[in-house]
Number of protein chains: 2
Amino acid sequence: MNVTIYDVAREANVSMATVSRVVNGNPNVKPATRKKVLGTIETLGYRPNAVARGLASKRTTTVGAIIPDISSIFFSELARGIEDIATMYKYNMILSNSDQNPDKELTLFNSMLEKQVDGIVFMGGKISEELLQQFEKSPVPIVIAATVQGTGDIPTVAIDYEQAAYEATNLLVSHNHQHPAFVAGETEIETNNEKYKGYLRAVTEHNVEVKQEYIVKSTNTYDAGLKAAQQLAELSDRPSAVFVSSDEMALGVIHGFQDIGLNVPEDIEVVGYDNTRLATMVRPTLSTVVQPTYDIGAVAMRLLTKLMNKEEVTDKNVTLPHRIIERNSTK
Amino acid sequence: MNVTIYDVAREANVSMATVSRVVNGNPNVKPATRKKVLGTIETLGYRPNAVARGLASKRTTTVGAIIPDISSIFFSELARGIEDIATMYKYNMILSNSDQNPDKELTLFNSMLEKQVDGIVFMGGKISEELLQQFEKSPVPIVIAATVQGTGDIPTVAIDYEQAAYEATNLLVSHNHQHPAFVAGETEIETNNEKYKGYLRAVTEHNVEVKQEYIVKSTNTYDAGLKAAQQLAELSDRPSAVFVSSDEMALGVIHGFQDIGLNVPEDIEVVGYDNTRLATMVRPTLSTVVQPTYDIGAVAMRLLTKLMNKEEVTDKNVTLPHRIIERNSTK
DNA sequence: CTGAAAGCGCTAACAG
DNA sequence: CTGTTAGCGCTTTCAG
């Protein structure tokens with residue numbers, strides 16, 4: 001049998017309540033008794049049972065994080081931001097992968113509520129109507145990170161995906177490419193849609209007729225980027241610039257062009273999105289949209305701590321700044 | 001107030017025990033009552049409280065994972081393996097980053113025990129004496145993944161790091177490089193030490209005198225690889241082949257050489273370690289040691305489920321197979 | 001500053 | 001097949 005608060009109380013000749021007080025740092029304890037209790041805690045090797053505590057206090061100091069795929073370079077950085085701040089505020093994090101599967105998201109959400117988490121950070125592609133409803137009647141606060149929610153009113157931390165894409169496309173336009181191409185990840189993912197909108201806005205703004213063959217919709221992988229580049233290169237009127245919806249795809253695009261003898265940026269300029277570590281791990285180094293991934297996670301978790309603490313939060317929707325960083329994949 | 005098992009019992013005109021039985025899938029319930037209970041669970045929107053359940057049953061169906069850094073491409077893949085199997089066996093995973101800091105590892109370990117996790121998967125660089133002692137008197141099973149433990153006797157899942165490094169170096173030797181160079185990550189990390197040993201064994205086996213300047217000890221980052229390449233290239237008798245202790249560093253090494261006009265593999269061959277996704281995201285593509293990262297995580301978690309279940313486990317130390325994959329960074 | 005006592009919501013014998 | 005009854009280990013009033 002493990003040593004319990006009761007054992008400590010008996011051994012130290014105090015009540016359970018007093019032991020509980022010193023364990024929880026309650027100031028209403030005479031220094032002498034505090035010291036005595038601390039001593040017997042030490043000798044007995046007492047370790048508080050967080051489950052019992054959670055049942056009694058209705059707070060578990062545990063948060064849930066629903067993430068599409070922790071092995072993705074983008075999301076793992078987000079997760080790190082969440083976890084760091086969670087730890088800073090003494091929370092543990094239950095992490096689950098959803099693969100952006102709506103059913104799984106629902107299941108995970110409910111499973112986390114059963115575990116009595118104090119709050120949840122959600123990341124996903126698209127928030128289904130049903131999930132949104134569940135979010136809205138959630139007994140604990142939820143923060144959505146790096147994810148676009150359509151109709152809902154859940155606190156969110158993200159950047160302006162549309163505007164950033166607009167600016168990235170415009171960088172290319174300003175380099176005398178009237179009509180850059182666009183390589184997109186899954187369009188079921190709302191952030192990708194926003195990027196698409198921003199791209200379109202930049203292109204159409206210059207009175208260009210949009211060439212559908214310049215828009216490649218695919219999946220967010222390196223290999224898809226590789227293929228997209230091939231496809232674009234084969235066009236009779238090959239584009240001279242490409243905006244890609246993620247760094248990983250952009251690396252694929254760059255290599256796809258290089259593999260068939262095209263030079264980046266001389267023959268074709270490329271801009272990515274996210275500024276993951278990959279952006280500097282390629283030659284030429286990648287010009288890209290800086291999305292402060294780690295910070296999004298950190299800010300989302302910080303916001304969640306406030307919500308869990310029932311603190312006044314003036315702005316439940318925070319939009320973090322983005323910028324474009326020019327490296328060598330553009331001139 | 002939330003709806004409890006008691007509410008369901010009253011509403012369904014049965015006892016708490018019966019409700020508990022149907023919730024837990026206990027077969028000793030008449031189909032008719034089961035149906036009735038399920039019905040009122042539905043209408044009342046009852047959601048079992050896992051914390052109360054954990055307190056009563058002394059099982060939380062939660063495991064802990066201590067990981068150096070989830071944002072690392074290597075560890076995030078490991079984590080995905082762990083989480084997938086955890087989910088498969090109905091466990092949740094509490095994930096914490098240690099940054100390989102011994103104090104943090106100790107703290108995290110104890111914090112997870114307080115949370116009453118049913119088991120722990122540990123990944124790290126080096127297991128401190130104190131941590132090992134704590135592991136040995138842990139009340140719940142622990143599995144060590146992708147980590148070399150010195151003296152301890154804790155169940156472990158890994159590959160033979162030394163042998164794999166030996167083979168990788170030998171591949172280079174067989175390509176007529178008598179004395180390949182070695183670029184190593186932190187030597188405080190035991191797996192790196194094993195790689196070093198394997199490298200040395202291959203080199204000395206051929207009666208070569210080891211040139212200390214061919215051994216670059218650094219940190220496991222892309223930038224460190226970049227610098228290491230420069231350093232090696234400046235040597236009066238530049239090596240003609242390099243074995244690198246991780247893919248990420250290897251990418252840096254390749255680019256470091258390329259940046260000063262050297263060609264890989266013509267002027268210098270490069271072999272990496274891990275076969276992360278990075279290995280194919282570089283030109284030339286990287287020859288590397290295949291470490292089944294995801295599988296290590298998956299197998300470790302599977303082993304942990306058996307241990308938690310008190311099943312008979314014949315082999316507490318599993319060594320997964322490795323192999324060398326030749327791509328274009330070698331001839 | 002300290003103690004007594006009543007739960008938190010559930011499981012697990014045990015009895016029938 | 002079902003109900004009764006103790007707890008699990010801790011927090012939290014409420015008194016004093």
Side-chain angles (χ1 to χ4, degrees), chain A residues 1-38 40-41 44-62 90 110-111 113-118 139-140, chain B residues 1-38 40-41 44-62 90 110-111 113-118 139-140:
Chain A
M1 201 54 249
N2 234 307
V3 20
T4 74
I5 200 173
Y6 179 72
D7 301 321
V8 177
R10 185 169 25 74
E11 211 61 28
N13 279 313
V14 295
S15 70
M16 288 167 55
T18 300
V19 179
S20 175
R21 286 190 189 97
V22 345
V23 168
N24 292 297
N26 185 319
N28 289 342
V29 182
K30 207 196 320 183
T33 36
R34 174 185 307 283
K35 200 177 161 197
K36 183 174 57 176
V37 171
L38 250 17
T40 82
I41 282 178
L44 259 47
Y46 167 68
R47 177 186 289 135
N49 180 326
V51 171
R53 182 184 297 197
L55 183 59
S57 69
K58 302 185 167 305
R59 294 189 65 242
T60 54
T61 60
T62 300
K90 313 284 184 205
N110 277 296
S111 147
L113 289 185
E114 286 190 10
K115 287 271 159 100
Q116 312 297 119
V117 296
D118 295 333
V140 297
Chain B
M1 202 53 250
N2 234 308
V3 21
T4 74
I5 200 173
Y6 179 72
D7 300 323
V8 177
R10 183 169 28 73
E11 211 61 29
N13 280 312
V14 296
S15 70
M16 288 166 56
T18 300
V19 179
S20 175
R21 285 190 189 97
V22 346
V23 168
N24 292 298
N26 184 319
N28 289 342
V29 182
K30 205 198 313 179
T33 37
R34 175 185 307 282
K35 200 177 162 198
K36 182 174 59 175
V37 171
L38 250 17
T40 84
I41 282 179
L44 258 47
Y46 167 69
R47 177 185 290 135
N49 181 327
V51 172
R53 182 184 298 195
L55 183 59
S57 69
K58 301 183 167 309
R59 294 189 66 240
T60 54
T61 58
T62 300
K90 312 284 184 205
N110 277 295
S111 148
L113 290 185
E114 286 190 10
K115 287 271 160 102
Q116 311 296 120
V117 295
D118 295 333
V140 297

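Every chain is numbered from 1, with letters handed out A, B, ... down the list of sequences.
Taking B:Arg10 as the reference, B:Asp7 meet the salt bridge (charged side-chain N to carboxylate O under 4.0 Å, His left out) condition, with sequence neighbours excluded. With sequence neighbours left out, A:Ser111 forms a side-chain contact (heavy atoms from CB on, under 4.5 Å) with B:Asn92. A:Ala56 meets the side-chain contact (heavy atoms from CB on, under 4.5 Å) test with no other residue; sequence neighbours excluded.
Distance CD (A:Gln116) to P (C:dC8): 14 Å, rounded to an integer number of Å. Following rounding to the nearest Å, A:Lys30 (NZ) and C:dG3 (C1') show an atom-to-atom distance of 14 Å. The separation between B:Asn26 atom CG and C:dC10 atom P is 16 Å, rounded to whole Å. Distance A:Arg10 CZ to D:dG9 C1': 14 Å, rounded to the nearest Å. For A:Leu55 and C:dG9, the CG to C1' distance is 6 Å, given to the nearest whole Å.
Applying the salt bridge (charged side-chain N to carboxylate O under 4.0 Å, His left out) test to every pair with at least one member in residues 22-36 of chain A, sequence neighbours left out, gives no pairs at all.
Taking NZ from B:Lys58 and CG from A:Asn49, the interatomic distance works out to 7.5 Å, rounded to the nearest 0.5 Å. The structure places NZ of B:Lys115 at 11.0 Å from OG1 of B:Thr60, a figure rounded to the nearest 0.5 Å. Atoms OG1 and CG, on A:Thr33 and A:Asn28 in that order, are 10.5 Å from each other to the nearest 0.5 Å.
When the side-chain nitrogen and oxygen atoms of A:Thr18 are compared with OP1 and OP2 of C:dG3, one or more of them lie within a distance under 4.0 Å. Distances shown here put a side-chain N or O of A:Lys58 below 4.0 Å from the OP1 or OP2 atom of C:dG9.
Residue A:Val51 is classed as having no contact, given no heavy-atom separation below 4.0 Å to the nucleic acid.
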Heavy-atom protein contacts under 4.0 Å, nucleotides 10-16 of chain D, coded B base, S sugar-phosphate only, - none: BBB----
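Of the N and O atoms on the side chains of A:Asn110 and B:Arg47, at least one donor lies less than 3.5 Å from an acceptor on the other residue.
For the helix from C:dC1-D:dG16 to C:dG16-D:dC1, the rotation axes defined at the first and last 5 base pairs enclose an angle of 30°, given to the nearest 10°.
A donor-acceptor pair is defined here as one N or O able to donate and one able to accept, closer than 3.5 Å; no such pair exists between the side chain of A:Ser20 and the backbone of A:Met16.
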